[in-house]
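Only heavy atoms go into these numbers, but all of them, side chains included; no hydrogens, no water, no symmetry mates. Everything numeric here is computed off the predicted structure, so don't read it as measured data. A note on names: the letters A, B, ... follow the listed sequences, proteins ahead of strands, and every chain is numbered from 1.
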Amino acid sequence: MRVQHYRIAGEPVIVRSVETSEDVRAFLDWCRSNHNRPIAFDTETTGLDIYAAGFRVRLVQFGTEREAWVLPVDSAAGLVCAPQAAVREALESLPYLLAHNAKFDALAVAAHLGVDLVSLWRRITDTRILAHLLDPRGPQDPGGIGQGLKPLSARHVDPDAPDTQAGLYAEFRKLGHTKETGWAAIDLDNPLYTLYAGLDVILTARLFAVLGPLVEFAGYGRLSEFEHAVALVCARIEARGFLLDVEYTETLAARLLAEADEWSAVARRFGVSSVNAPAQISAALEGMGENLSETTESGAIKVDKEVLLPLADLDRKWQRIGAREANPLADAVLRAKRASKWATSYADAMLSRRDTRDRIHPDIASLQARTARMSISRPPLQQLPSGDWVIRRAMQAEPGCVVGTVDYQAVELRVLAALSGDVQMTAAIHAGKDLHAFTAELIYGPGFTEYHRKVCKGIGFGKVYGGGPDTLSRQTGAPLDQVKAAIRAYDRAYAGVRRYSKRLQSRAEWGVKEVVTPAGRRLPLDRKRLYAATNYMVQSTARDVLAEALLRLDERGLTEFLRLPVHDEVVFVAPADDAKEIGREIQTAMAVDDFFGVPLTTDLEIGGRTWGSLYGAAA
DNA sequence: ACTTTCACG
DNA sequence: ACGTACGTGAAAGTG
């Protein structure tokens, strides 16, 4: 057994690395004698892509505030002692486990060491969840530090705790590896590797010693349980994965890449060597006599889609307007950028993330944004183009099955009506009215047009988000004076909403700079952006509506059909013959009859074999 | 590392 | 004193 010593917060800690079968027995003895204490665990792996061919768990660590055990389990290492069975035994029997960002480690040991995910998860407390409840701000937000183990340890455990990740990257480079290759290549007994692996669990145990009582003291006990349950459902969705149509996606990627090349060649003829270089584009456009007035935050000339589309005589749906001669460079830049983004961010990302059964396991972060919203990454399946089916067509149901969705109808506006108690808005919802059309009628009278409805939809969202007349005018494309009039009319029609927003803001102005959601979540506000209060409240509450729905779906045994949560909807896959029935069950489980006086109703859509079929692709 | 852009709800 | 659209993930260029 190798023993390494270190100091954390001025106290000596010890890291033991298992080398012999005798060490394995000593580890199991240690587990037994610490059975009743919370034990932090962690894994070191070959990479982040748990389901990729060649992925391996290399180390599994267990530890308390003072002591860590590091066990090598890498199947490719030809180990003298094989502690896999002991690791499994520990993971299956220790009653009280801790982990930071537990989902990753739990999925890794479930997929590669044969540990049962559900029974393991029931015994885990995730310190990242605790940290998010206590402060959901990201590292970029004013006053925020994020939920990383490093910044949390620095704040709550030891300001001089080592940055183990950065330290390892430096070691990788020294050994001739890179950030990416180092994780798989570093020797299992590299002293820095084992030391840092051990320190991570010691830090997690110490972090819990601080955050655990804070969570209880803040009254977050139930919310914490709720979040752990939601995280498990999301982890199971992730583990199941979503089937990729590889042949289609490969053809699509090649086609998009060729398209990007063609349009890049056109841009090159106008002196733009890269369509991703804004300075080149603005210089070339100005050389062609175009007048560019919009600037970015840092003062550079803006050449985003909003600027380029009018120059190319295209509307927001890329239809020819006929107002001017299309600028061929603007047109080429737009098309090249779209094609290459779709190729790299979506098609290639999907292909590179598939497992041996052609399934995609995106990283579902069930508790991510400041508002607790979920995020999905690698690949970003919540952000696929919705105006065109070609990308979504890549994801498909298993043979004999179809893809469907259930989404909430105008959930953010309904949540706003519920929270504000606005009488008029609540009544309109109860009457089953189209809220945006109803608003249009209130403002423009019974003769309102489809255009008026659109303006009102924009204003409705803009109000929720706290936008002013200028932004709303730009966003909706409606003239400023009309928007201003509509805002006035909106405030008159929905006086309760206006009162509610004002109340949230003035409370924050004079009292604590936060909003408290009905779920009991305390969301800090940036002092310069108190107007975001209503948005945080509504967005966060809508998120919790979906999160609670996921738990109801799980209770009813419907998790196996789920493929993705997408903010206000779930994507599911079911056998074609049962899809309607299963879809209805999902609808029923998600619907809320009385959410603070407002019904939250759902829409069901059943498509064909692919996700794209719900966006216009042939079934 | 930072900026810019673009995809979604 | 004033008015501010919110929340994400990802790629690529620049320095």
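- Shown here is A:K513, whose NZ atom has more than 12 heavy atoms of other residues, nucleotides or ligands within 6.0 Å.
- Comparing atom distances between the A:K341 side chain and each of C:dT8, C:dC6, C:dG9 picks out C:dG9 as nearest.
- Across all strands, A:I376 comes closer than 4.0 Å only to sugar-phosphate atoms, never to a base (heavy-atom distances).
- Among the nucleotides C:dT4, C:dC6, C:dA10, the one closest to any side-chain atom of A:Q539 is C:dC6.
- Ring planes of A:F104 and A:F55: perpendicular class, angle over 60° (limits at 30 and 60°).
- A straight line from CG of A:D568 to C1' of C:dG7 spans 13 Å, rounded to a whole angstrom.
- Checked by atom type, the side-chain pair A:H100/A:D126 shows no donor-acceptor distance below 3.5 Å.
- At the heavy-atom level, A:S340 lies nowhere under 4.0 Å from the strands shown.
- Distance A:W342 CH2 to C:dA12 C1': 19 Å, rounded to the nearest Å.
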Do A:S420 and A:R503 pass the side-chain hydrogen bond (donor to acceptor under 3.5 Å, both in side chains) test, and can you show the C-alpha distance, the side-chain angles, and the key distance before you say yes or no? CA-CA 10 Å; A:S420 68; A:R503 198 171 74 224; over 6 Å; no

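- Summarising the local packing, CZ of A:R522 is surrounded by 12 or fewer heavy atoms from other residues, nucleotides or ligands at distances under 6.0 Å.
- With respect to A:D363 and A:R353, no salt bridge is recorded, no charged nitrogen being found less than 4.0 Å from a carboxylate O.
- When the C1' atom of C:dG9 is taken as reference, atom CZ of A:R353 falls 13 Å away, rounded to whole Å.
- In this structure, A:P565 reaches neither bases nor backbone, as no heavy-atom distance under 4.0 Å exists between it and the strands shown.
- Counting to the nearest Å, the C1' atom of C:dG7 and the CE atom of A:M537 are 16 Å from each other.
- Under 4.0 angstrom from either OP1 or OP2 of C:dG7 there lies no side-chain N or O belonging to A:R543.
- Nearest to the side chain of A:S274, among C:dG13, C:dC6, C:dG7, sits C:dG13.
- The side chain of A:S345 sits closest to C:dA10 out of C:dT4, C:dG7, C:dA10.
- Rounded to whole angstrom, the span from the CD atom of A:E509 across to the P atom of C:dG3 amounts to 13 Å.
- Within the nucleic acid shown, A:T471 comes within 4.0 Å of at least one base atom, counting heavy atoms only.
- In the set C:dA10, C:dT8, C:dT14, C:dT14 carries the atom at the smallest distance from any side-chain atom of A:A277.
- The nearest whole Å value for the distance from the CZ atom in A:R137 to the P atom in C:dT8 is 13 Å.
- For the residue pair A:S540/A:T517, the side-chain donor-acceptor check at 3.5 Å is not satisfied.
- Between A:H436 and A:F461, the ring planes are tilted. Angles from 30° to 60° get that label.
- Remark: C1' of C:dA12 and CG of A:D348 are 14 Å apart, rounded to the nearest angstrom.
- Side-chain atoms of A:S273 and A:Q280 include a donor-acceptor pair closer than 3.5 Å.
- At the heavy-atom level, A:V303 lies under 4.0 Å from the strands shown only through sugar-phosphate atoms.
- Backbone-only engagement by A:Q382 is indicated by non-hydrogen atom pairs under 4.0 Å involving sugar-phosphate atoms exclusively.
- Under the Watson-Crick or G-U wobble criterion, with both distances below 3.5 Å, C:dA1 has no partner in any strand shown.
- Looking at heavy-atom distances under 4.0 Å, A:R373 makes contact with a base.
- In this model, no donor atom of one side chain and acceptor atom of the other lie less than 3.5 Å apart for A:R354 and A:T249.
- Within 4.0 Å of A:L472, counting heavy atoms only, lies no atom of the nucleic acid at all.
- Atom CG of A:D363 and atom P of C:dT8 are 15 Å apart (whole Å).
- Taking side-chain N and O atoms only, A:R529 has a distance below 4.0 Å to OP1 or OP2 of C:dG7.
- Residue-level contact check: A:K528 touches the bases, meaning some heavy atom is under 4.0 Å from a base atom.
- The aromatic rings of A:F438 and A:Y494 sit tilted relative to each other, their planes meeting at an angle between 30° and 60°.
- Residue-level contact check: A:Q368 touches the backbone only, with heavy atoms under 4.0 Å from sugar-phosphate atoms and none from bases.
- Place A:N276 and A:D141 on DNA chain C by their nearest nucleotides, and A:D141 ends up nearer the 5' end.
- Here the side chain of A:R128 pairs a donor or acceptor atom with the backbone of A:L367 at under 3.5 angstrom.
- Note that the first and last nucleotides of DNA chain B, 5' to 3', having any atom under 4.0 angstrom from a heavy atom of chain A are B:dT3 to B:dG9.
- Contacts between residues 484-501 of chain A and DNA chain C, defined by a heavy-atom separation below 4.0 Å, involve no residue at all.
- Of the candidates C:dG9, C:dA11, C:dG7, C:dG7 carries the atom nearest the A:T371 side chain, counting heavy atoms from C-beta on.
- Residue contacts for A:Y536: at a heavy-atom cut-off of 4.0 Å it reaches the sugar-phosphate backbone alone, with no base atom in range.
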